[in-house]
Amino acid sequence: MIDSISPAELKEKLDLAPEQLVLLDVREPAEYDICHIDNSLHIPMGEITRRVGELDESREIVVLCHHGMRSMQVAMYLADQGFMRVANLEGGIHAWATSIDTSMARY
């Protein structure tokens, strides 16, 4: 079972200790160019198997995409690879943009 984290919970964690989190954005480059959360690590879903070594297992990884479906698949993959601290952002970047950063571009 993959944990979910709400946008509000993520904001709280980022405000308290951003260095403890890895925000893994798995959207396509064109989507990431439209909007993204600052300091997120961009690895498109199709590249995750090849680039999984770039992730720090000692930090909590919060995976996000547009609405939360692709990120859930990546989170499950990471858990299968032995990552213990993985969560999926509920509602994806869209939920973040509508509830936390309302100035963020949406698509």
Side-chain angles (χ1 to χ4, degrees):
M1 186 72 181
I2 300 298
D3 290 334
S4 291
I5 186 170
S6 72
E9 291 168 323
L10 176 58
K11 171 127 177 46
E12 184 177 316
K13 286 185 176 208
L14 288 172
D15 288 345
L16 292 174
E19 70 284 350
Q20 293 182 10
L21 293 175
V22 174
L23 292 181
L24 176 59
D25 192 321
V26 299
R27 296 174 300 142
E28 292 301 311
E31 294 175 286
Y32 187 84
D33 288 345
I34 293 169
C35 62
H36 59 271
I37 300 172
D38 288 342
N39 300 314
S40 57
L41 174 62
H42 181 225
I43 302 177
M45 182 179 181
E47 297 178 17
I48 198 69
T49 57
R50 171 168 58 84
R51 297 179 58 190
V52 71
E54 295 176 33
L55 299 172
D56 182 352
E57 290 184 53
S58 70
R59 293 167 64 196
E60 180 179 0
I61 299 171
V62 177
V63 189
L64 64 113
C65 65
H66 191 201
H67 286 110
M69 299 304 290
R70 289 175 282 177
S71 55
M72 180 58 82
Q73 292 176 342
V74 171
M76 290 188 303
Y77 169 78
L78 294 176
D80 287 345
Q81 299 305 303
F83 287 81
M84 302 298 290
R85 299 173 62 207
V86 179
N88 184 50
L89 178 60
E90 294 171 1
I93 195 83
H94 181 79
W96 178 270
T98 57
S99 64
I100 303 298
D101 184 358
T102 57
S103 68
M104 180 179 276
R106 294 180 220 161
Y107 62 100

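What you are looking at is a predicted structure, and each value in this text was computed from that prediction instead of being measured. Positions are given from 1, in the same order as the sequence printed here.
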ask   = Would Leu10 and Leu21 count as a side chain to side chain contact (heavy atoms under 4.5 Å, CB included) if you check the C-alpha gap in whole Å, the side-chain angles of each, and the deciding distance to 0.1 Å?
value = CA-CA 9 Å; Leu10 176 58; Leu21 293 175; 3.8 Å; yes

task = Determine, step by step, whether Asp25 and Ile37 satisfy the side chain to side chain contact (heavy atoms under 4.5 Å, CB included) criterion, reporting the C-alpha distance in whole Å, the side-chain angles of both residues, the deciding distance to 0.1 Å, and the verdict.
result = CA-CA 9 Å; Asp25 192 321; Ile37 300 172; over 6 Å; no

ask   = Would you call Glu31-Arg70 a salt bridge at under 4.0 Å N-O?
value = yes

ask   = Would you call the rings of His67 and His94 parallel, tilted or perpendicular, where under 30° means parallel and over 60° means perpendicular?
value = tilted

task = Please identify each residue that fulfils side chain to side chain contact (heavy atoms under 4.5 Å, CB included) with Asp56, with sequence neighbours left out.
result = Ser58, Arg59

Side chain to side chain contact (heavy atoms under 4.5 Å, CB included) involving Asp33 - partner list, sequence neighbours excluded = none

query = Please, which pairs that meet ring-ring contact (aromatic ring centres under 6.0 Å, His included) have at least one residue in residues 10-35, sequence neighbours excluded?
reply = Tyr32-His36, Tyr32-His42

task = Could you tell me whether the side chain of Glu47 and the main chain of Pro44 form a donor-acceptor pair under 3.5 Å?
result = no

query = For Glu60 and Lys13, what are the C-alpha separation, side-chain angles and deciding distance, and is it a salt bridge (Lys or Arg N to Asp or Glu O under 4.0 Å)?
reply = CA-CA 10 Å; Glu60 180 179 0; Lys13 286 185 176 208; 2.8 Å; yes

Residues in side chain to side chain contact (heavy atoms under 4.5 Å, CB included) contact with Ala105, at least two apart in sequence or another chain = Ile34, Cys35

task = Not counting sequence neighbours, which residues clear side chain to side chain contact (heavy atoms under 4.5 Å, CB included) with Glu90? List them please.
result = Ser4, Ser6

ask   = Linking Ile, Leu, Val, Met, Phe, Trp and Tyr through side-chain heavy atoms less than 4.5 Å apart, which residues share a cluster with Val52?
value = Val22, Leu24, Val26, Leu41, Ile43, Met45, Ile48, Leu55, Ile61, Val63, Val74, Tyr77, Leu78, Phe83, Val86

